[in-house]
Amino acid sequence: MSSDFPLLRLPEKALNLVIQCMDYIEIVGFSLASNKTKETVKSLNLQVSPLFLTTEEIIKVHVQRPSRMFWNFYPGGENAGNGPIPVYMPARVTARRGLTREILEYLNPGYSIQKWIDTVQYIFSHPGINCLVFKRDRCKFDMNSLMETIGTAKVNAFFFDDRCGVDCAKMAVRQFPGISRMYARSQNMVETSLYTDILMQNLDVLFLGEGDVIMRMEFDNLLLINSKEIKIRSRDITDKMINQFLKHWIRGSNPRMEFTLLLFPDGRILDANAILRGLNFREAPLDQVRLFTKPATQERVEIMGGYDIRRVNGSVGTLKIVQDDGRGAVIFCVWN
């Protein structure tokens, strides 16, 4: 016959060793037992990153490192029906490790979703929510209620994925004005002319399109973008548009832009002569290698050769035209 093991009666050093042998889902469950267990976990200085909060049919929390973990928060029957609904008190909470099928279920100790988020942030010393993900065509959850749920946690980025609609994206941007990064990978957002007010936001990062999601982009909308780091996947951006875009940049448009990547999924051949027509440029030697650090993500990019173009204020940008296996890309970076 077995009996419960008096875990909390162990000496502190032994208890810490036991906790460190647990996986992180078990550690979260252990921290929920009491204030003492929560402080014990906190003292170990364990780390997780990044932290995603997803609004879909239900609210989900996802952590990628040190291993992938998912928490799902299920409402009771009182929240059935069409949205927008207030963010609910979870009637049931489940957790899953990575891509395994094993589901762990928690007895929710009366915690709201905000309390769960606060607890995960506290025990792992995580400062905020890295990304708030929207997947529905309409916002199911009331935005004011969602803001209250997130509480004081800073949201760094929006990810508009799957079926997220333009109205939902606009509402989110209005409700969270301090957002610094936006990633649009929704088939319902391919028409960029429908959300020019979002394009004009002073974002650090703006990514439009990925995979099968290919954006429609008019030249005027390209000029509206006022982000530091830009990535656009589109068939509509012609060589002539790139040429005009660079000429406007020389005269002072897109003042915050520091790095732009344009991706062309149609396999067309980019015409360097058409892109550079009428520009005063200096061609860098092909064997010249320069390292550029993206301003927001701090990712380093290797620039070999390229064309240096000077702006009216004296700053220099380098244009790199890439043609690889039928896929075209244009890189433009502005040196500080």
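Predicted model, so just to flag it, every value in this text is computed and none were measured.
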Within this structure, what is the OG-CD1 distance for the pair S234 and I232, rounded to the nearest 0.5 Å? 7.5 Å
Is any side-chain heavy atom of F292 closer than 4.5 Å to a side-chain heavy atom of E299? no
Give a yes or no on whether M200 atom CE has more than 12 heavy-atom contacts from other residues, nucleotides or ligands under 6.0 Å away. no
Quick check: are there more than 12 heavy atoms from other residues, nucleotides or ligands sitting under 6.0 Å from CG of D212? no
Before accepting this row, confirm whether a basic side-chain N of the pair R96/E102 lies closer than 4.0 Å to the acidic partner's carboxylate O. no
Examine distances only and state if a side-chain atom of N72 and a backbone atom of K60 form a donor-acceptor pair shorter than 3.5 Å. no
Using ring centroids (six-membered ring only for Trp), state whether F158 and F176 fall under 6.0 Å. yes
Take the angle between the ring planes of H62 and F70 and call it parallel below 30°, perpendicular above 60°, tilted in between. parallel
Looking at D142 and I85, would you say the former's side chain and the latter's main chain have a donor-acceptor pair under 3.5 Å? no
Taking it one step at a time, do D204 and R256 satisfy side chain to side chain contact (heavy atoms under 4.5 Å, CB included)? CA-CA 9 Å; D204 289 340; R256 300 179 74 251; 3.8 Å; yes
Evaluation steps, side-chain hydrogen bond (donor to acceptor under 3.5 Å, both in side chains), between N188 and D137: CA-CA 8 Å; N188 291 331; D137 51 352; 5.5 Å; no
S227 (side chain) donor-acceptor with I230 (main chain) under 3.5 angstrom: no
Check: K36 and E39 side chains under 4.5 Å, non-hydrogen atoms: no
Just by distance, no angles: are the side chains of K135 and S186 close enough, under 3.5 Å, to form a donor-acceptor pair? no
Is it the case that the side chain of Y106 and the backbone of R92 share a donor-acceptor pair, with hydrogens and angles ignored and the cut-off at 3.5 Å? no
Backbone N or O of I59 within a donor-acceptor pair of the Y88 side chain at under 3.5 Å? yes
So does F134 get a backbone contact from the side chain of T55, meaning a donor-acceptor N/O pair under 3.5 Å? no
Given the side-chain rings of F259 and W335, with only the six-membered ring counted for Trp, is the space between their centroids under 6.0 Å? no
Passing candidate, side-chain contact (heavy atoms from CB on, under 4.5 Å) with L208, options R185, R233, M215: M215
Kindly work out whether a path of hydrophobic side-chain contacts (I/L/V/M/F/W/Y, heavy atoms less than 4.5 Å apart) joins F141 to Y74. yes
I would like to know whether S193 and E191 meet side-chain hydrogen bond (donor to acceptor under 3.5 Å, both in side chains); could you show each step before the answer? CA-CA 6 Å; S193 61; E191 187 58 70; 3.0 Å; yes
Do the charged groups of R136 and E57 touch, with an N to O distance under 4.0 Å? yes
As an exercise, state the distance from OG1 of T297 to NZ of K294, rounded to the nearest 0.5 Å. 5.0 Å
Which residue, T238, L262, D239, forms the side-chain contact (heavy atoms from CB on, under 4.5 Å) with L270? D239
Check whether any side-chain N or O of R310 sits under 3.5 Å from a backbone N or O of N280 as a donor-acceptor pair, and report yes or no. no
Out of the candidates L223, I225, L222, only one should pair with L199 under the side-chain contact (heavy atoms from CB on, under 4.5 Å) rule; please name it. I225
Joint cluster assignment, W249 & V316, ILVMFWY side-chain distance < 4.5 Å: no
Is it true that E26 and R97 make a salt bridge, defined as a side-chain N closer than 4.0 Å to a carboxylate O? yes
Given 3.5 Å as the limit, does a donor-acceptor pair link the side chain of T293 with the main chain of Q298, or not? no
To the nearest 0.5 Å, what is the distance between OG on S180 and NZ on K228? 9.5 Å
Parallel, tilted or perpendicular: rings of Y111 and W116 (30°, 60°): perpendicular
If we ignore hydrogens and angles and just use 3.5 Å, is the side chain of K170 paired with the main-chain N or O of L194 as donor and acceptor? yes
Check for me whether K38 meets the cation-pi criterion with Y122, that is, NZ or CZ under 6.0 Å from the six-membered ring centre and within 45 degrees of the ring axis. yes
Hey, any chance V61 and L32 share a hydrophobic cluster, counting ILVMFWY side chains that come within less than 4.5 Å of each other, even indirectly? yes
Are I58 and F73 close enough, and set up right, to give a side chain to side chain contact (heavy atoms under 4.5 Å, CB included), and what steps lead you there? CA-CA 6 Å; I58 59 172; F73 302 95; 6.0 Å; no
Would you call D308-R282 a salt bridge at under 4.0 Å N-O? yes
Is there a side-chain hydrogen bond (donor to acceptor under 3.5 Å, both in side chains) between K231 and T260? Walk through the geometry before answering. CA-CA 6 Å; K231 176 181 170 184; T260 295; over 6 Å; no
Tell me yes or no: between the side chains of N144 and Q175, is some donor less than 3.5 Å from an acceptor? yes
Centres of the F124 and Y24 rings: under 6.0 Å? yes
Are any side-chain N or O atoms of T149 and backbone N or O atoms of S145, one a donor and one an acceptor, separated by less than 3.5 Å? yes
Can you tell me if Q114 and S112 form a side-chain donor-acceptor pair at under 3.5 Å? no
With heavy-atom distances below 4.5 Å as the criterion, would you say the side chains of M304 and L286 are in contact? no
When you look at V173 and Q201, which way does the side chain to side chain contact (heavy atoms under 4.5 Å, CB included) test go after all the steps? CA-CA 9 Å; V173 171; Q201 297 288 320; 3.9 Å; yes
With a 4.5 Å cut-off on side-chain heavy atoms, are I19 and F30 touching? yes
Is it true that, when you exclude K240 itself, more than 12 heavy atoms of the residues, nucleotides or ligands shown sit nearer than 6.0 Å to its NZ? no
Examine M171 and M147 and state if one hydrophobic cluster contains both, with Ile, Leu, Val, Met, Phe, Trp and Tyr joined whenever side-chain heavy atoms are less than 4.5 Å apart. yes
Calculate, to the nearest 0.5 Å, the distance between atoms CZ and CZ belonging to F207 and F159 respectively. 10.0 Å
Using 0.5 Å steps for rounding, measure from the CD1 atom of I214 to the CG atom of L263. 10.5 Å
Considering residues at least two apart in sequence or located in another chain, which fulfil the side-chain contact (heavy atoms from CB on, under 4.5 Å) criterion with L291? R300, E302
Hydrophobic cluster membership, I309 vs V322, 4.5 Å side-chain cutoff: no
Nearest 0.5 angstrom please: S31 OG to K42 NZ, how far? 11.5 Å
Starting from the C-alpha separation in whole Å, work towards a yes-or-no answer on side chain to side chain contact (heavy atoms under 4.5 Å, CB included) for V205 and Y183. CA-CA 8 Å; V205 175; Y183 305 84; 3.9 Å; yes
